[in-house]
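All remarks here apply to the structure that follows.
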Amino acid sequence: MKKPNMSTQAIWAGEQDSLAFGATQVPVVHSVSFGYNDMDEWYDVAIGKKEGHIYGRNTNPTVQAFEQKVKTLEGAEAATSFSTGMAAISNTLGTFLFPGDRVVSIKDTYGGTNKIFTEFLPKQQVEVVLCETGDHEAIEKEVEKGCKVLYLESPTNPTVKITDIARMAKAGKKAGAIVIVDNTFATPVNQTPLDLGADIVIHSATKFLGGHADALGGVACGSEKLITQIYHYREINGATLDPMAAYLLLRGMKTLKLRVDKQSENALAVATYLKTVDLVEDVFYPGLPEHPGHDIAKKQMKNFGGMLSFSVKGGVETLRHLLPKLKYANRAANLGSVETVVGPSRTTSHVECTPEERAAMGIPEGLIRYSAGIEDVEDLIEDLDQAFKTLPAFVTN
Ligand SMILES: *Cc1c(COP(=O)(O)O)cnc(C)c1O
C-alpha cells in the first residue's frame with residue numbers, strides 16, 4: 001500500500017499505541033510513574049528490553065503519541081519532545097557540542113537560538129561561526145574548514161530569508177557535520193528537511209504544529225541513533241514535555257495540513273495586496289517572485305508558508321497608529337496560530353538589539369511581522385485596508 005498523504009497522516013499517525021479502553025482519542029495520562037507487579041517485567045522495561053513506561057520525566061503515553069505523529073509527518077525514524085522549542089534547540093546543541101568543537105550557522109536564526117550562539121556556547125569554549133544568511137559560498141567555505149554541527153533555519157524570522165537546505169546539507173555531510181534544521185516556519189506540510197539531506201529537524205511546536213497558541217512544546221526528529229542521544233540528554237536534564245501540552249499539540253496537529261495550506265494561501269494574498277499599498281515600503285515573502293530566495297524556496301518548499309513581514313513608511317510612528325486599528329489580528333509575540341498575529345520586530349523577535357544592530361541585520365524599525373491566520377482572506381485584506389485608510393494625515397504625508 002502506498003504511503004498515506006500528509007492530511008491523512010496528520011489525523012491518524014502515531015496514536016494507535018497510546019489508545020486505551022477502546023477510546024478513539026489519545027488520553028491525557030497525568031500519572032508521574034508507572035507501576036509493575038512483576039519485578040522481572042519492571043526490570044525489562046527499565047533497561048529498555050521491553051516497551052513500556054517507568055517515570056514521567058523519561059516517557060509518557062500522551063507525549064509518545066505526539067512524538068510518533070511528528071516523526072511520521074517529518075518522515076523520520078525517531079523523535080523526542082521537549083517542554084519548549086528553545087529546550088529542543090538547547091538540548092540538541094548540548095548533546096553534540098563540547099569544548100573545542102566548532103559550529104557553523106547563519107546570522108538570522110531565531111532570537112533565542114542566536115543568544116545560545118553568541119552568549120552561551122562561547123562560554124563553553126565552543127567556536128561559533130555565524131555566516132550571512134543566504135550567502136551559500138560563505139557557509140560552504142566555513143563548513144569545509146571543519147565543524148561538528150551545521151545549524152540552519154529556513155525561512156527565517158522576520159524577513160523570511162531562504163537557505164538552500166539540500167546544497168548546505170551536502171556540504172555538511174562532506175565535512176562530517178551533523179546538519180540541523182529548524183523547520184518551525186515551514187512545517188512538514190511545506191518542507192521536509194530530512195528529505196533534503198538534513199540529519200535532524202527541530203520544531204517549536206508552540207507555533208504551527210500546535211496552531212492554537214495554547215501550549216508550549218518542542219520536538220527533534222531524525223535517525224534512531226541521533227535521537228537516542230538527544231533523548232538521553234533531555235531525560236537527564238529534564239526539559240520534558242507536559243502530557244497536557246502534548247495532548248493539546250496532538251489535537252492541534254490533526255488539522256495541520258488544512259491550517260498551513262490556508263495560512264500559506266492567505267499569506268500570499270496579503271503579501272500581494274501589501275505590494276499595492278503606498279505606505280508600504282517593502283514586503284518580504286518567499287512566495288513573491290522578486291524575493292531573493294524565491295527560486296530556492298520554489299525548489300525546496302511545497303508552498304511558501306504563513307509568515308511574511310513588511311515595512312511601513314514613517315517607521316515606528318506609523319505602526320504605533322496602524323497596528324491598534326486591526327480588528328482581526330492579535331498584537332502579540334507568538335506566530336503560527338489560527339488567528340492572525342502581528343508584531344513589530346523591534347518589540348518581538350529582535351527586542352534585545354539596538355536600532356543600529358537591527359539596521360545592520362536589515363530589520364527596519366517599521367518592520368511588522370505578519371503571521372497569517374485561517375480567517376477569510378477578504379476580511380484580512382479589508383481589515384488592513386481600513387487600518388491604512390484611518391491613519392492620521394501627519395503619518396501619511
Ligand atoms: C518560537 C521559535 C522558537 C522557540 O520556540 P519556543 O517554543 O518559544 O521556545 C524557535 N525557533 C523558531 C523559528 C521559532 O519561531
Side-chain angles (χ1 to χ4, degrees), residues 63 66-67 70 74 79-94 105-120 130 133 151-163 165 180-191 193 198 200-221 230 234 237-242 244-246 248-249 252-253 260 263 267 284 286 301 304-309 330 332-337 341-343 345 347-352 361 363 367 369-372:
V63 171
F66 165 74
E67 292 166 344
V70 182
E74 284 290 1
T80 191
S81 59
F82 305 84
S83 52
T84 63
M86 280 316 301
I89 294 164
S90 61
N91 281 241
T92 301
L93 292 172
S105 187
I106 50 173
K107 285 186 181 166
D108 290 85
T109 51
Y110 176 74
T113 311
N114 187 260
K115 281 282 154 197
I116 293 183
F117 286 140
T118 54
E119 189 177 335
F120 295 109
L130 301 183
T133 309
Y151 186 98
L152 302 170
E153 193 181 315
S154 181
T156 60
N157 197 0
T159 49
V160 282
K161 290 183 188 160
I162 301 292
T163 300
I165 297 172
I180 305 173
V181 178
D182 182 335
N183 203 29
T184 300
F185 271 34
T187 84
V189 171
N190 284 331
Q191 174 172 284
I200 295 168
V201 178
I202 288 181
H203 280 276
S204 166
T206 314
K207 313 291 172 52
F208 287 95
L209 292 190
H212 294 73
D214 55 3
L216 293 159
V219 64
C221 312
I230 301 169
R234 193 268 290 154
N237 285 285
T240 304
L241 179 63
D242 182 76
M244 189 63 211
L248 290 167
L249 297 172
M253 279 179 63
V260 173
Q263 285 165 314
F284 305 95
M301 299 177 80
F304 304 102
M307 298 303 302
L308 63 112
S309 61
N330 282 326
N334 70 300
L335 58 93
S337 179
V341 186
V342 295
S345 292
T347 313
T348 56
S349 58
H350 290 74
V351 68
E352 70 275 1
M361 295 167 94
I363 299 170
L367 189 75
R369 185 175 71 189
Y370 190 99
S371 168

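In this text the structure is predicted, and so the values were computed from the model without any measurement. Start at 1 and go down the list; that is how both ligands and their atoms are numbered. Throughout, residue positions are numbered sequentially from 1 according to the sequence presented.
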Item to check | Side chain S204, main chain T184, donor-acceptor under 3.5 Å | outcome: no

Checklist entry - Protein residues near ligand 1, heavy-atom distance below 4.0 Å? => result T84, G85, M86, I89, Y110, E153, D182, T184, F185, S204, T206, K207, G217

Next on the checklist: Taking S81's backbone N and O only, do any of them form a donor-acceptor pair with E67's side chain (distance below 3.5 Å, no angle check)?
Outcome noted: yes

Checklist entry - Any sub-3.5 Å donor-acceptor pair from S309's side-chain atoms to P158's backbone N or O? => result yes

Item to check | Side-chain donor/acceptor of T163 to backbone N/O of S154, under 3.5 Å | outcome: no

Item to check | Contacts of S371 that satisfy side chain to side chain contact (heavy atoms under 4.5 Å, CB included) - sequence neighbours left out | outcome: M307, L335, V341

Checklist entry - Does a side chain donor of either T156 or D108 reach within less than 3.5 Å of an acceptor in the other side chain? => result no

